[in-house]
Amino acid sequence: MRSSVIRSFDPEMTVNSGQAFLWHQVNKNWYGVHGDCIVKFSKSADGFEFSSFPERKGVERDLFRLDDDIDSISAEMSLDPLIAGLLNTYGGLRLMRQDPAQCLFSFVCASNINIPMIRKMLYTLAKRYGQKVFVDGMEFHTFPSPEAMSGVSESDLRACGLGYRAKAVKAVAQGIESGTLDLALLKKAGYADAKQELLKIYGVGPKIADCVLLFSLDKLEAFPIDVWIARALAAHYDWLGKFGEKLTARQYEALSESARKHFGCHAGYAQQYLYYHMRQGKKW
DNA sequence: ATGCAGGGACGAT
DNA sequence: ATCGTCCCTGCA
């Protein structure tokens, strides 16, 4: 018997779930950097109100994947009792459909680092190489275009606090600029093909590739496994194998393939609920 | 103070 | 297939 859970969409929970980084709150209003525009939402009497600068009608539908059949997806995920419980608790959590280039740059910066540091790096990049815009009288910066990024030297990237990640950011920028990496094409490609292409880029391993595939390239079967997900799987799914928190490339692929089989073609949703749950109580 | 962890990936054994 | 290293910051 399927419980009639009310899964009202909660954008606040969603932008705070670690899948996007450049969101912050100002007086009950939330502002986020979404590629070349700034998205805003605020709670109103009946739900949330969205807007974007420059104006894009219905930006929330695309950005928060409101076009997904969440009831159908939830029903599929509820076959797993643990996920069913998490859906009950965190029903407002959704996946986002981020700007692909921003998403790729973001997660290339995310290796071996914590969320506050990621935010710091990305805001610095935006401030130095994005475009300054004013929203509600406040200064914001769009995310730098790939063209803008490819014009920045590795040492200047390091000066943004990127550390050794500067080399990878440079590689991504050059890949996009040269046409070697065509993100729009990868959006239309299948999961395996798109992942294979992403892995060719220096600094992009299986975990980061899966994040980009899931959060920006519409590959809902992608199942990124970071240390937290690895812990969750080890704690709740013995049958998925007894690997440690650190996974080798082969272990990663075996584990994420098993997860895809278990959670289904929308495994990425399950991953996000698991991640959010594991991060409860942690602060960033 | 010194060590360690924080949404990993790469290069050398 | 394992293991050290990469840059940097906050915290115990």
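The chains referred to below are lettered A, B, ... by the order of the sequence lines, with proteins before strands, and numbering in each begins at 1. In this text the structure is predicted, and so the values were computed from the model without any measurement.
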(Q) Under 4.0 Å, heavy atom to any atom of DNA chain B: which of residues 193-210 of chain A qualify? (A) A/I201, A/Y202, A/G203, A/V204, A/G205, A/P206, A/K207, A/I208
Q: Please name all residues satisfying side chain to side chain contact (heavy atoms under 4.5 Å, CB included) with A/S155, sequence neighbours left out, ordered by chain then number.
A: A/S153
**Q.** Bracket string, DNA chain B, 5' to 3' - pairs by Watson-Crick or G-U geometry under 3.5 Å, | interstrand
**A.** .|||||.||||||
Q: Could you tell me whether the side chain of A/Y164 has a donor or acceptor atom within less than 3.5 Å of a complementary atom in the base of B/dG8?
A: yes
Q. Going by heavy atoms closer than 4.0 Å, what residues in residues 153-163 of chain A are next to DNA chain C?
A. A/R158, A/G163
Q: Considering only atom C1', compute the distance from B/dC4 to C/dT5 and round it to an integer number of Å.
A: 16 Å
Q: Quick one: list whatever passes ring-ring contact (aromatic ring centres under 6.0 Å, His included) with A/F215, sequence neighbours left out.
A: A/F107
Q: Using the P atom as the reference point in each nucleotide, state the distance between C/dG4 and B/dG7 in Å, no decimals.
A: 23 Å
Q.
Both A/Y252 and A/R231 contact DNA chain B. Which one's nearest nucleotide lies toward the 5' end?
A. A/R231
Which atom pairs, donor and acceptor, lie under 3.5 Å between side-chain atoms of residues 191-207 of chain A and protein residues at least two apart or in another chain?
| from | atom 1 | to | atom 2 | distance (Å) |
| --- | --- | --- | --- | --- |
| A/Y191 | OH | A/K195 | NZ | 3.2 |
| A/Y191 | OH | A/D210 | OD1 | 2.6 |
| A/Y191 | OH | A/R260 | NH1 | 3.2 |
| A/K195 | NZ | A/D210 | OD1 | 3.3 |
| A/K195 | NZ | A/D210 | OD2 | 3.1 |
| A/K195 | NZ | A/E253 | OE1 | 3.3 |
| A/K195 | NZ | A/E253 | OE2 | 3.3 |
| A/E197 | OE1 | A/K200 | NZ | 3.4 |
| A/E197 | OE2 | A/K200 | NZ | 2.9 |

Q: Applying ring-ring contact (aromatic ring centres under 6.0 Å, His included), name anything that partners A/H266, two or more places apart in sequence or on another chain.
A: none
**Q.** A/R97 (side chain) donor-acceptor with A/D62 (main chain) under 3.5 angstrom
**A.** yes
**Q.** Integer angstrom distance from the P of B/dA9 to that of C/dT9
**A.** 22 Å
May I have the list of side-chain donor-acceptor pairs in residues 30-39 of chain A shorter than 3.5 Å, sequence neighbours left out?
| from | atom 1 | to | atom 2 | distance (Å) |
| --- | --- | --- | --- | --- |
| A/Y31 | OH | A/D136 | OD2 | 2.4 |
| A/D36 | OD1 | A/R56 | NH2 | 2.8 |

Q.
I want to confirm an ordering. Mapping A/F21 and A/K167 to their closest nucleotides on DNA chain B, which one lands closer to the 5' end?
A. A/F21
Q) Quick one: side chain to side chain donor-acceptor pair (under 3.5 Å) partners of A/S72, sequence neighbours excluded? A) none
Q: Residues of residues 102-112 of chain A with any non-hydrogen atom less than 4.0 angstrom from an atom of DNA chain B: list those, numerically ordered, please.
A: A/A110, A/S111, A/N112
Q. Are the ring centres of A/Y276 and A/Y90 closer than 6.0 Å?
A. yes
Q. Would you say A/D68's side chain and A/I70's backbone share a donor-acceptor pair under 3.5 angstrom?
A. no
Show me the donor-acceptor pairs within less than 3.5 Å that the side chains of residues 18-29 of chain A make with the rest of the protein, sequence neighbours left out.
| from | atom 1 | to | atom 2 | distance (Å) |
| --- | --- | --- | --- | --- |
| A/Q19 | OE1 | A/M96 | N | 2.8 |
| A/Q19 | NE2 | A/S17 | OG | 3.0 |
| A/Q19 | NE2 | A/R94 | O | 2.8 |
| A/H24 | ND1 | A/Y123 | OH | 3.1 |

Q: For residues 164-177 of chain A, pull every pair meeting side chain to side chain donor-acceptor pair (under 3.5 Å), keeping only residues two or more places apart or in separate chains.
A: A/S111-A/Y164
